[in-house]
Q: 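Pasting a structure below so you can have a look.
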Amino acid sequence: MMTIYDIAREAGVAASTVSRVVNGKPGVKEETRRRILALLEKYHYSPDVAARGLVKQSTRMVGILIEDIRVSHHIESAFVIEQELTKRGYCSIIMGAGAEEEKKLESIRLVEQRRVEGVALIGSMFSGEAVQRGIESYLSGIPVVLVNAYMELPNVSGVVIDEEKGVESCMELLHGRGRKRIAFVTDQETPSNRRKLEGYRRKCREYGLNPEPLIYRVGERSVEEGRRMTERLLTEHPETDGILYSIDLIAAGGVRAAVDKGYKLPEKLALMGIDNSIYGEMCNPKLSTLDNRRYDSSVIAAELLRLGMEEGIRSQRRLLPCRILERETT
DNA sequence: GGTCCGCTGCTTGTCAGTGC
DNA sequence: GCACTGACAAGCAGCGGACC
């Protein structure tokens, strides 16, 4: 790789003169400038980012951690944050942190070693004790933004999606359509799912319904598990007339199961997912869903991170309301 | 074996020098 | 005095060699 010294040697000038040309600074004779520009072009010169970072005391690098890079709504969120920060001249490192708390801690340590200037943690799973320890130990000097989580630390901001209220409004919609036995199918135990369940339980109590027998948990996040669990639910509780799912992915399996069992949707059974993903769009009939505004929350997260890195503005909490997107299953 | 020092990598900003 | 150019220090982390 050509360095500024190689170009300078060939141009017959000092490295600092080449540096002036590279950075478009004044104080270089036009003829010298043209000669250096021709060499830069000839050798496809590109400044060494690490070396530039030494002088500027800035790497323009950010870390984006996701629990599992196979989860579509998290990777979409990472994509939006990465795109927003790229527009501002930052380069992103995207890493899968793993499900275990200690692995998350290790990922935080690894990303810190890359000398990032800010970190985004995507998903409510990044709100545990080990993550907090990791932030305090390794990231205390830089801004951190949590997407769909929050932590009371001086350098941490969070964009929290109000899924608890969102689920309550789903319940209000279903109840308003005359549904009396509404079940809830959830996936893994996460802070986000706990908030959703809280909203579900509160509305059940309000409607005089015992929620616990109607809460079903799938073993893993998959369409097949959603289908299997919905079949079981409809067999054990045939009187069920509404089902709310913690994510669209398992709701898609639920739609399949209900259609296969001959349920008329939504007349006999109303179904709703959460997260407004492509799965809901692809269902037949199309799934009504709770739009948790992934794009908006990711844009806000990117902006909070940028403000933290460039203006030192830290520790903000933004609460984002959800909205219902009605399609054909309600 | 432990500690200290100097060097390497590359770029940038500043100050000093040169020539007209 | 001004335009232009060169020399050099600084920034950080890691490595190797010298020394105790």
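All values below come from the heavy atoms of this structure, side chains included, with hydrogens, waters and symmetry mates left out. Here is the naming used below: chain letters follow the sequence lines, and residue numbers restart at 1 for every chain.
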Q: With sequence neighbours excluded, give me every ring pair (Phe, Tyr, Trp, His ring centres under 6.0 Å) pair touching residues 203-255 of chain A.
A: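 Those involving residues 203-255 of chain A are A:His175-A:Tyr207.
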Q: Whole angstrom is fine here: how far is it from CG in A:Asp6 over to P in B:dC10?
A: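 Whole-Å distance recorded here is 8 Å.
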Q: Nearest heavy atom decides the nucleotide; on that basis, is A:Tyr5 or A:Arg33 closer to the 5' end of DNA chain C?
A: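 Checking each residue's closest nucleotide, the 5'-ward one belongs to A:Arg33.
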Q: Write down the protein N/O and nucleotide N/O pairs, taken from nucleotides 15-17 of chain B, whose separation is under 3.5 Å; answer none if there are no such pairs.
A:
none

Q: The helix from B:dG1-C:dC20 to B:dC20-C:dG1: angle between its terminal axes, five pairs each, to 10°?
A: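 The angle, to the nearest 10 degrees, is 60°.
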Q: To the nearest 0.5 Å, how far apart are CD1 in A:Ile66 and CD1 in A:Ile64?
A: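 One gets 7.5 Å once the value is rounded to the nearest 0.5 Å.
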Q: Is there a continuous path of hydrophobic side-chain contacts, each under 4.5 Å between heavy atoms, that joins A:Val218 to A:Leu233?
A: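 Yes.
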Q: Do you reckon A:Leu146 sits in the same ILVMFWY cluster as A:Leu319, going by side-chain contacts under 4.5 Å, direct or chained?
A: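 No, A:Leu146 and A:Leu319 fall in different hydrophobic clusters.
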Q: CD of A:Glu30: more than 12 outside heavy atoms within 6.0 angstrom?
A: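 Correct, the count exceeds 12.
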Q: In this structure, how many angstroms lie between the P atom of B:dG13 and the CD1 atom of A:Ile4, rounded?
A: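 Those two atoms, CD1 and P, are 10 Å apart.
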Q: Using the rule side-chain contact (heavy atoms from CB on, under 4.5 Å), only one of A:Val299, A:Ile122, A:Asn148 pairs with A:Ser77; which is it?
A: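 When A:Val299, A:Ile122, A:Asn148 are each tested with A:Ser77, the side-chain contact (heavy atoms from CB on, under 4.5 Å) holds only for A:Ile122.
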Q: Check whether more than 12 heavy atoms from other residues, nucleotides or ligands sit under 6.0 Å from atom CD of A:Glu31, and answer yes or no.
A: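 Atom CD in A:Glu31 is not crowded, with 12 or fewer foreign heavy atoms closer than 6.0 Å.
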Q: Is the phosphate of B:dT12, meaning OP1 or OP2, less than 4.0 Å from a side-chain N or O of A:Lys25?
A: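 Answer no for this pair, as no side-chain N or O of A:Lys25 is under 4.0 Å from OP1 or OP2.
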Q: Donor-acceptor pairs under 3.5 Å, side chain of residues 152-160 of chain A to any protein atom, not counting sequence neighbours: which ones?
A:
residue	atom	partner	partner atom	Å
A:Asn155	ND2	A:Leu139	O	2.8
A:Asn155	ND2	A:Ile142	O	2.9
A:Ser157	OG	A:Ser315	N	3.2
A:Ser157	OG	A:Gln316	N	2.9

Q: When you check the phosphate oxygens OP1 and OP2 of B:dT11, does a side-chain N or O of A:Asn23 lie under 4.0 Å from one of them?
A: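 It does not, given that no N or O in the side chain of A:Asn23 lies less than 4.0 Å from OP1 or OP2 of B:dT11.
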Q: Just the atom pairs and distances: protein N or O near nucleotides 10-13 of chain C's N or O, under 3.5 Å.
A:
residue	atom	partner	partner atom	Å
C:dG11	O3'	A:Gln57	NE2	2.9
C:dG11	N2	A:Ala51	O	3.2
C:dA13	OP1	A:Arg115	NE	3.3
C:dA13	OP1	A:Arg115	NH2	3.0

Q: Think A:Tyr45 has a side-chain N or O under 4.0 angstrom from the OP1 or OP2 of B:dT11?
A: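 Checking A:Tyr45 against B:dT11: at least one side-chain N or O falls below 4.0 Å of OP1 or OP2.
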Q: Answer yes or no: are there more than 12 heavy-atom neighbours, outside A:Lys261 itself, under 6.0 Å from its atom NZ?
A: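 Counting other residues, nucleotides and ligands, NZ of A:Lys261 exceeds 12 neighbours.
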Q: Please determine whether residues A:Ile247 and A:Tyr200 belong to a single hydrophobic cluster, defined as Ile, Leu, Val, Met, Phe, Trp and Tyr linked transitively by side-chain heavy-atom distances below 4.5 Å.
A: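 In one cluster: no.
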Q: Return the value, rounded to whole Å, for the distance between atom CZ of A:Arg34 and atom P of C:dC4.
A: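 That distance rounds to 13 Å.
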Q: With a 4.0 Å heavy-atom cut-off, tell me which residues in residues 12-19 of chain A come close to DNA chain C, sorted by residue number.
A: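 Correct list: A:Gly12, A:Val13, A:Ala14, A:Ser16, A:Thr17.
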Q: Figure out the CD1/P separation between A:Ile36 and B:dT11, and round it to whole Å.
A: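 It works out to 14 Å between those atoms.
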Q: So with a 6.0 Å cut-off around CZ of A:Phe79, is the heavy-atom count from everything else above 12?
A: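 Not buried by this count: 12 neighbours or fewer within 6.0 Å.
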Q: Hydrophobic cluster membership, with links at side-chain heavy-atom distances under 4.5 Å among I/L/V/M/F/W/Y: are A:Leu174 and A:Leu325 in one?
A: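 A:Leu174 and A:Leu325: separate clusters.
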Q: Assess whether side-chain contact (heavy atoms from CB on, under 4.5 Å) is satisfied between A:Leu121 and A:Val147, documenting all intermediate values.
A: CA-CA 6 Å; A:Leu121 306 174; A:Val147 181; over 6 Å; no
